[in-house]
2 protein chains.
Amino acid sequence: MPRPSRWNEIVEAAAEAFRTNGFAATSLEDIASAVGIWKGSLYHYINSKEDLLIAVVRGPAEEILNQLKELSETDLPPTEKIRRATRSHVKVLEGNFVYASVYLQEIAGRRKLPEWTAMDREYLDLLESIVREGVESGEFSAVTNPRIATLALIGSLNWLTHWYRPGGPLHADEISDQFCDLFLGGLIIRTPRSTSKPNQKVATTASKTKAVTPRKITSPKTTKPRAKRTA
Amino acid sequence: MPRPSRWNEIVEAAAEAFRTNGFAATSLEDIASAVGIWKGSLYHYINSKEDLLIAVVRGPAEEILNQLKELSETDLPPTEKIRRATRSHVKVLEGNFVYASVYLQEIAGRRKLPEWTAMDREYLDLLESIVREGVESGEFSAVTNPRIATLALIGSLNWLTHWYRPGGPLHADEISDQFCDLFLGGLIIRTPRSTSKPNQKVATTASKTKAVTPRKITSPKTTKPRAKRTA
DNA sequence: CGAGAAATGAAACGATCGTTTGGTTATCCT
DNA sequence: AGGATAACCAAACGATCGTTTCATTTCTCG
């Protein structure tokens, strides 16, 4: 709601503190002293402590869901959809790392707030329908339970917040390419002598950092920029 | 440290409360009233609140690591090692669901206690060495970064605490089989006409609940029972 | 410049928390 | 049975927390 840049400092300090110590263990004085004001002065920006949590968390949560929504409306082949969904998920996590970490640690699963539960469910259903689409089209193996496979993928992606460190040696593109190679191709080595199904490109691609997969096939506005936070 | 069965009630109530509301947001009165005693009486069982957290968490954490240690000392092929590691990981999570959830939400990643960080690191290294072993033997694809693949697998496994519900329709065996099929075989369908490498069994197995993979190959004491908690 | 609004200071509040203390009841052991 | 020990009650302490209140400073803009 407020406009000034001080609000950004406050939310940033809150995110850092929430990620380090957790929401409940973070006091408003921690945040206030990090910004350089008194804790009571925070109440000209918020109405309660939970407003800070929502401000920290809303941006990346909506961004990840919206990007998957847009992707679902395209008519790309399922393999490419999985690739792009993974890529955008990792990219949002990398670009808003602290905020996304707070969301996954404080909101996902734990909360009773139905708003976020509905968003999680919607994301899961959208991604699962992509997997299901691939199974029905014969592109994906039919022995795979689509829901479990989707949950496995989401788990790998969200677990990034437990080991990824911004500024580290691994970048978002490399990680997402590796994830896709793993989930699409599997660990076990493939014999490249398969030419039975001509309509599918057997993408065991992206061995190095730069992807071999085409970036833009139909929709040119796949990754439309979005407002990062409410401010 | 204490012996009586009341101690089990206390730890159980603490685990349930920690999982629902988080460690910091759980008061000792929540736990005490769940057991039916006064909060001050808890201090004949503990020295501080954190003792409860450790009591909740120690069991499954050590059990998961120890089972992987035993498995690593065998000479099974890497594919089978991955299968068994996944299976035991899911089984421990299922059998100690609340306790393991508390560990993953309150300990993994967040804490400065070096004891747990070392355990997490050791588990990761052991599992990664299995993947690396598979790459070097030619069983696994060489384009996969072993560390990223390992982290992806661990993420999928630990994310179980966000969606699995004990008593639900899915059981541990089914989930772990699906995970293995996904990570080993990948989503993209395979042409079954591959007979180039004779020494590997191209296990795209376990479509239904009961595993096709042999349970016991060399070591008969793979899943030795262990003490569940310190009590 | 000067009035009005926004931002912050400074102190205090009620509530709750983890912990302590001391006394009382129950349990176990020989 | 009876003494020792464990288990529990009951109350209180100091600290800290989220929040409120009001005065004061700083900024905005005509």
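Quick caveat: nothing in here was measured; it's all calculated off a predicted structure.
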(message) If the condition is side chain to side chain contact (heavy atoms under 4.5 Å, CB included), which residues does B/Q105 pass it with, not counting sequence neighbours?
(response) A/R110, B/R19
(request) Would you name the heavy atoms of B/W159 and A/N158 that are closest together and state the gap between them? (result) CZ2-ND2, 3.2 Å
(request) Quickly work out the A/L52 CG to D/dC17 C1' distance and round it to whole Å. (result) 15 Å
(request) To the nearest Å, give me how far apart CG (A/L42) and P (C/dA10) are. (result) 15 Å
(request) Tell me which of A/A24 and B/I10 sits closer to the 5' end of DNA chain D, going by the nucleotide each one is nearest to. (result) B/I10
(request) Give the rounded distance in Å between these two atoms: CD of B/E50 and P of C/dC17. (result) 18 Å
(message) What is the separation between atom CZ on A/R6 and atom C1' on C/dG9, rounded to the nearest whole Å?
(response) 12 Å
(message) Just by distance, no angles: are the side chains of B/D120 and B/Y103 close enough, under 3.5 Å, to form a donor-acceptor pair?
(response) yes
(request) Can you sort out the partners of A/F18 under ring pair (Phe, Tyr, Trp, His ring centres under 6.0 Å), two or more places apart, ordered by chain and number? (result) A/F23
(message) Rounding to an integer number of Å, can you tell me how far B/E9 CD sits from D/dA7 P?
(response) 13 Å
(request) Using atom NE2 of B/H44 as one end and atom C1' of C/dT25 as the other, report the distance to the nearest whole Å. (result) 13 Å
(request) Please work out which residues in residues 27-41 of chain B have a non-hydrogen atom less than 4.0 Å from an atom of DNA chain C and list them by number. (result) B/S27, B/L28, B/K39, B/G40
(request) Send over the distance from B/Y45 OH to C/dT19 P, rounded to a whole Å. (result) 17 Å
(request) In plain terms, say whether A/K39 and A/D30 are close enough for a salt bridge, that is, a side-chain N and a carboxylate O under 4.0 Å apart. (result) no
(message) Can you confirm whether the side chains of A/Y164 and A/H171 place a donor and an acceptor under 3.5 Å from each other?
(response) no
(message) Measure OH/A/Y43 against C1'/C/dC13 and give the value in whole Å, please.
(response) 13 Å
